[in-house]
Structures are given as C-alpha cells and as structure tokens.
Amino acid sequence: MKTDDGTIVYNRTMGNDPYIHTLENLKIIGMVGGYEDTKISGFLSHLFRSTGKKAARIHSTGCGHDTQKVRELLSSHMDTYNGELEYAVIHLPGSSPQQYDLSNIFLDSIIHTFLGENNKYENDKSETIFKSLSAKGYALINVDDEAYPDFIGCLENKLVITYGLSPKATITASSIEEASNLHFTCCIQRGITNRSGLEVDPMEFPVYIPNFEKSDIHSALAAIGTGLIYGISTEDIITAFKAHGQTGKTIKYESR
C-alpha cells in the first residue's frame, strides 16, 4: 500500500504487523528484458554488499504477472534484513500491459537489457513499466538493442543513461580482450549526475572480470552504470569485479 506521504507499506505474509519503509530506505532496481539477466543482478548484489550496503537480488520465478506476489517477495526480504534492506534488484515478471499494475511498487531505477525488434509483446510491456519509474529515477538503456527506439519516447522527462558498444552510448567499452577472463577499458563518454547529485566526470578505467566472456560485456556495462548512479566509486567497482564470486542471499516466492 502507498500512503499519501509517499511511504510504502508492505504487509507481511505472516503475522499482522506491517513493516513501513520509505522510498529512501528501499531502492528497487527493476530489470526489463526478454530474459532475466542473472549476471547483472548477481553483479549488483555483490557490488552493493562489497561496499557495505545491504542488498539482495530477487528471483520473480513463480510470480507470473501477480505484483502482489512481488510485494510478498519484497516483504520476505524485509523480514530477513529486519527492515534494513537498502537495495532490491528484481527482474520484473512478464505480463500484458493491461495486467501490469505497479502503482504500489516504486521503481528507483530500471535497467533495460535486451528485447529485440520483433518482440512487440515485450516492447509494450516495457513501455508500461517505464511509466512507473519514479520522478527522480534513472533508466539505463541498452542502445545496441534495436527495440529501444520503440519506447524511448516515454522517457522524455526521465534521467536516461545509455550503455552498449555503440559510439553514441554514455557508457561503452574499448580494447576488449577475452581469454579465460574478460578485460576491457570502460569509457564514460559524458558526465553523469549520480543519485546524490554529485557529478561523475568523463573518464576511462580498466576492468578485469574473472570467468566472464565477451558476450557478457553488456551485463558488465549495465552493472557499472548502476553502481555509478548509486555513488559507488570506480575504484570500488574495479575491486569488486576482480573479487566477484558468491553474490549473497536469494529468496524465491512460494505460495502460502
């Protein structure tokens, strides 16, 4: 439930006492795409936790288009973290736009992964979800996906950061090398204003990710962009990528 002052109330699935958390206490990062990119969500969970932030990735398998079940997932995580969870990374479940009701779920940022030019069903769903982005929220858009022009218009008044291998992307990569690990130079081509209002200047820095391949480059760029938005330094991103391994707790929805 959303109260008049912007507070989110998640009713617990067990017991009668609700938890009450403001938007500042829980930042929901939604991923939109034709598939669940577990590498992005795993990366972000690890990145936040490695810098002392309380974060969890949420698997929406079994939720279908039922956003009440998504809220129950969030409530379950709040129970696990005693109401102190700061970031929740979730792939939003598939549905038709008519069935999607995100009025009670604030999205602090949205990561667009990949849809495909011919996937009209997913494109329509994504446009609906983007309209639920909070007023000060961020949209990270994969400009290498040929579908993105279909919904970019609904983001006209939103904060948009593009990523990909296109030279037009705000966050891109060069000097990509692949052996058993992934090496590349991350290029921030335009300044980025992060969630705290601080400027991230254009720059380049080296990235090394064990057990990643060249095909994972978009996942890495999306995770870098999201980290920068939430004030994680490039030094911490570089360190976290090198040490990337176990990514922490996951709670899956189970009907009661």
Side-chain angles (χ1 to χ4, degrees), residues 1-10 21-34 36-37 40-41 44 48 55 57-58 60 63 65 67-68 70-71 73-74 85-115 119 121-143 145 147-164 169-171 190 192-197 200 218 221-232:
M1 179 178 69
K2 182 169 63 177
T3 62
D4 292 337
D5 63 356
T7 297
I8 308 171
V9 179
Y10 294 111
H21 301 285
T22 63
L23 180 61
E24 288 72 22
N25 291 335
L26 178 62
K27 293 180 172 59
I28 304 173
I29 302 170
M31 292 195 302
V32 178
E36 181 173 0
D37 192 325
I40 294 179
S41 58
L44 288 177
F48 286 132
R57 56 175 174 164
I58 301 175
S60 57
C63 288
H65 63 263
T67 52
Q68 175 58 36
V70 175
R71 287 191 288 273
L73 275 171
L74 293 169
L85 184 64
E86 298 174 85
Y87 300 91
V89 185
I90 183 170
H91 183 270
L92 298 169
S95 74
S96 68
Q98 292 77 15
Q99 292 172 317
Y100 238 107
D101 177 15
L102 294 176
S103 58
N104 290 329
I105 298 179
F106 290 97
L107 298 176
D108 194 70
S109 60
I110 297 177
I111 303 170
H112 153 238
T113 59
F114 180 82
L115 295 170
N119 198 338
Y121 174 79
E122 291 289 345
N123 293 347
D124 288 344
K125 182 189 76 174
S126 297
E127 183 171 341
T128 301
I129 294 172
F130 279 123
K131 290 178 180 178
S132 299
L133 188 62
S134 64
K136 296 182 180 180
Y138 286 78
L140 283 89
I141 303 297
N142 176 7
V143 294
D145 180 5
Y148 93 90
D150 293 341
F151 56 79
I152 196 69
C154 69
L155 297 171
E156 183 176 356
N157 298 316
K158 302 295 184 181
L159 299 169
V160 177
I161 296 174
T162 57
Y163 72 93
T170 300
I171 303 173
R190 289 179 289 280
I192 297 172
T193 303
N194 71 17
R195 200 67 174 77
S196 300
V200 178
H218 288 86
L221 293 174
I224 289 170
T226 306
L228 293 174
I229 285 172
Y230 290 106
I232 300 177

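The figures here come from the full heavy-atom set of this structure, side chains too, leaving out hydrogens, waters and symmetry mates.
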Inset, instruction - Report the distance from atom CD1 of Ile110 to atom CD1 of Ile29, rounding to the nearest 0.5 Å. - result: 11.0 Å
Inset, instruction - First locate atom CD1 of Ile90, then atom CZ of Arg57, and finally report the distance between them rounded to the nearest 0.5 Å. - result: 12.5 Å
Inset, instruction - State which residue, out of Ile141, Thr226, Ile111, fulfils the side chain to side chain contact (heavy atoms under 4.5 Å, CB included) condition with Tyr163. - result: Ile111
Inset, instruction - Give the minimum heavy-atom separation between Tyr148 and Val143, together with the two atoms involved. - result: CE2-O, 3.6 Å
Inset, instruction - Would you indicate whether the side-chain heavy atoms of Leu107 and Ile28 approach each other to under 4.5 Å? - result: yes
Legend entry - Rounded distance [0.5 Å steps], OH in Tyr230 versus CD in Glu86: 12.0 Å
Inset, instruction - For residues Ile40 and Ala222, report the shortest heavy-atom separation together with the two atoms involved. - result: CD1-CB, 3.7 Å
Inset, instruction - Taking side-chain hydrogen bond (donor to acceptor under 3.5 Å, both in side chains) as the test, write out the residues that go with Tyr87, two or more places apart. - result: none
Legend entry - Spacing of Ile192 atom CD1 and Leu228 atom CG [to the nearest 0.5 Å]: 5.5 Å
Inset, instruction - Compare all side-chain heavy atoms of Thr162 with those of Arg190 and state whether any distance is below 4.5 angstrom. - result: yes
Inset, instruction - Could you tell me which non-hydrogen atom of Ala139 sits nearest to which non-hydrogen atom of Leu155, and how far apart they are? - result: CB-CD1, 4.0 Å
Legend entry - Heavy-atom closest pair, residues Ile229 and Asn194: O-CB, 3.2 Å
Legend entry - Separation between CG of Asp145 and OG1 of Thr113, rounded to the nearest 0.5 Å: 8.0 Å
Legend entry - Closest contact, heavy atoms only, Ser134 versus Lys158: O-NZ, 3.6 Å
